[in-house]
Chemist: 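Please find one structure pasted underneath; my questions will follow.
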Amino acid sequence: RIFADRTAVTSEDGSWTYGELGERSARLAGELQRRGLGRGDRVAILSETRPEYVETYAALASLGITALTLNIRFHPEELAYCLSAGAPRAVITSGACAPLLEYARSRPSAVTLWACLDDPPGGYTSYQDLLGGPPASPAEVRGEDIHNVLYTSGTTGRAKGAMISQAAAAIRGLRLAQWFGLSEQD
């Protein structure tokens, strides 16, 4: 809010300001909320690094929804295992990664929403459709809520989910800013 006009995210397709990022993530959070997702639920994300990943991360955190961050290098069976173990209610993926999820989609799960960041294949909701409504209502989020689950590489067995709390994620951000000497000028 303070630096709404400053650049927040850049990519080869352009850039977004903090204000644009905040507005888009609030609308995404609003649509997820309208679809019944809220604090304590989980949403899996499988995508290359791109601006929508950042806004999805922010939207989920604002609602107290845990982001299950899936590794794009995982084999389809590993992804299916992570989805089974993590039990997300929604999955957001890129078009390039969607084929990796076909095995997981063929298995029983708690997923009620499959969304695609770009040209959605059959059975996927367009990510752009998730940005069409009003912003989310305020949500109660606590420091001990799980912010995200990072899956290990599974070098000695199946991937394991390392749970990161909202408080730990915030402290990590502050520590990175301190480590790199970032200020309000950066």
Side-chain angles (χ1 to χ4, degrees), residues 1-39 41-72 88-98 113-121 124-143 145-150 164-186:
R1 290 183 195 118
I2 295 170
F3 302 114
D5 293 334
R6 290 191 185 175
T7 301
V9 179
T10 61
S11 74
E12 55 276 349
D13 297 326
S15 63
W16 295 347
T17 65
Y18 281 102
E20 291 167 330
L21 176 63
E23 187 264 330
R24 286 175 60 93
S25 66
R27 285 188 296 151
L28 174 59
E31 183 59 29
L32 294 174
Q33 203 173 52
R34 279 184 292 289
R35 289 175 182 249
L37 279 81
R39 183 171 172 256
D41 285 328
R42 292 168 298 283
V43 172
I45 308 169
L46 179 65
S47 174
E48 317 81 357
T49 303
R50 54 191 290 170
E52 296 92 346
Y53 199 108
V54 176
E55 77 184 0
T56 299
Y57 220 64
L60 298 178
S62 74
L63 294 174
I65 295 174
T66 301
L68 304 178
T69 56
L70 302 175
N71 189 326
I72 63 172
R89 295 206 32 225
V91 175
I92 298 173
T93 187
S94 66
C97 292
L113 171 66
W114 295 86
C116 188
L117 298 173
D118 31 39
D119 299 326
Y124 282 85
T125 297
S126 168
Y127 182 79
Q128 291 305 312
D129 291 346
L130 301 178
L131 299 173
S137 303
E140 179 184 344
V141 179
R142 298 184 187 134
D145 290 345
I146 302 302
H147 176 267
N148 66 323
V149 174
L150 303 172
I164 311 297
S165 70
Q166 289 270 2
I171 291 168
R172 180 177 52 192
L174 292 172
R175 292 289 297 148
L176 285 171
Q178 181 185 37
W179 177 264
F180 289 111
L182 301 177
S183 72
E184 68 277 358
Q185 301 306 311
D186 293 300

Chemist: Using the test side-chain hydrogen bond (donor to acceptor under 3.5 Å, both in side chains), find all partners of Glu12 that sit at least two apart in sequence or belong to another chain.
Modeler: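 Expected list: none.
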Chemist: Let me have the donor-acceptor pairs involving side chains of residues 62-71, under 3.5 Å, with sequence neighbours excluded, atom names and distances please.
Modeler:
{"from": "Ser62", "atom 1": "OG", "to": "Ala59", "atom 2": "O", "distance (Å)": "2.7"}
{"from": "Thr66", "atom 1": "OG1", "to": "Ile146", "atom 2": "O", "distance (Å)": "2.7"}
{"from": "Thr69", "atom 1": "OG1", "to": "Val149", "atom 2": "O", "distance (Å)": "2.9"}
{"from": "Asn71", "atom 1": "OD1", "to": "Arg73", "atom 2": "N", "distance (Å)": "2.7"}

Chemist: Pro134 pairs by side-chain contact (heavy atoms from CB on, under 4.5 Å) with which of Arg27, Gln33, Arg34?
Modeler: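 The side-chain contact (heavy atoms from CB on, under 4.5 Å) with Pro134 is passed solely by Arg34 among Arg27, Gln33, Arg34.
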Chemist: For Gly36, does its backbone N or O pair with a side-chain atom of Arg89 as donor and acceptor, under 3.5 Å?
Modeler: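 The answer is yes, because a donor-acceptor pair under 3.5 Å joins these two groups.
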Chemist: For the residue pair Asp145 and Arg39, establish whether any side-chain heavy-atom pair is separated by less than 4.5 Å.
Modeler: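 Yes, close enough: below the 4.5 Å cut-off.
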Chemist: With distance as the sole test, does Ser11 use its side chain to make a donor-acceptor pair with the main-chain N or O of Arg50 at under 3.5 Å?
Modeler: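 No; judged by distance alone, with no hydrogens or angles, the pair does not exist.
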Chemist: Measure the CG-SG distance between Leu46 and Cys116 for me, rounded to the nearest 0.5 Å.
Modeler: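 Between Leu46 CG and Cys116 SG, I get 10.0 Å after rounding to 0.5 Å.
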Chemist: Does some side-chain heavy atom of Arg172 sit less than 4.5 Å from a side-chain heavy atom of Leu176?
Modeler: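 Counting from C-beta outward, Leu176 and Arg172 do come under 4.5 Å.
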Chemist: Surrounding CG of Asp186 (heavy atoms of other residues, nucleotides or ligands, distance under 6.0 Å), is the total greater than 12?
Modeler: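 Correct, the count exceeds 12.
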Chemist: Check whether the side chains of Asn148 and Tyr57 place a donor and an acceptor atom closer than 3.5 Å, and report yes or no.
Modeler: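 Result is yes, a qualifying pair exists.
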Chemist: Set out, in order, the CA-CA distance, both residues' side-chain angles and the distance that settles salt bridge (charged side-chain N to carboxylate O under 4.0 Å, His left out) for Glu31 and Arg35, then state yes or no.
Modeler: CA-CA 6 Å; Glu31 183 59 29; Arg35 289 175 182 249; 2.9 Å; yes
Chemist: Got Pro88 and Val43 here, is their nearest side-chain heavy-atom distance under 4.5 Å?
Modeler: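 They are not in side-chain contact.
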Chemist: Picking from Leu117, Asp118, Thr56, Thr93, what satisfies side-chain contact (heavy atoms from CB on, under 4.5 Å) with Ser47?
Modeler: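 So, applying the side-chain contact (heavy atoms from CB on, under 4.5 Å) to Ser47 and each of Leu117, Asp118, Thr56, Thr93, only Leu117 qualifies.
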Chemist: Distance check, rounded to the nearest 0.5 Å: Leu131 atom CG versus Ser126 atom OG?
Modeler: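 OG of Ser126 is found 8.5 Å from CG of Leu131.
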Chemist: How many angstroms lie between atom CD of Glu52 and atom OG of Ser94, to the nearest 0.5 angstrom?
Modeler: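 Spacing of CD (Glu52) from OG (Ser94) equals 9.5 Å.
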Chemist: Do the side-chain N and O atoms of Glu55 and Tyr127 include a donor-acceptor pair separated by under 3.5 angstrom?
Modeler: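 Short answer, yes.
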Chemist: Between CG of Asp41 and CG of Leu60, what distance do you get to the nearest 0.5 Å?
Modeler: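 The distance works out to 10.0 Å.
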Chemist: Pair Ile45, Tyr53 - check side-chain contact (heavy atoms from CB on, under 4.5 Å), show working.
Modeler: CA-CA 8 Å; Ile45 308 169; Tyr53 199 108; 3.3 Å; yes
Chemist: So, taking the atom named OH in Tyr124 and the one named CD1 in Ile92, what distance separates them when rounded to the nearest 0.5 Å?
Modeler: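 So the OH of Tyr124 and the CD1 of Ile92 are separated by 11.5 Å.
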Chemist: Nearest 0.5 Å, please: how far is CD in Glu48 from CD1 in Ile72?
Modeler: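 Atom-to-atom, Ile72:CD1 and Glu48:CD are 6.0 Å apart.
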Chemist: Taking the side chain as every heavy atom from C-beta outward, state whether Val91 and Leu113 have any atom pair closer than 4.5 Å.
Modeler: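 The answer is no, as the side chains (C-beta and beyond) never meet within the 4.5 Å cut-off.
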Chemist: Taking everything shown except Ile2 itself, do over 12 heavy atoms lie less than 6.0 Å from its CD1?
Modeler: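 No, not enclosed.
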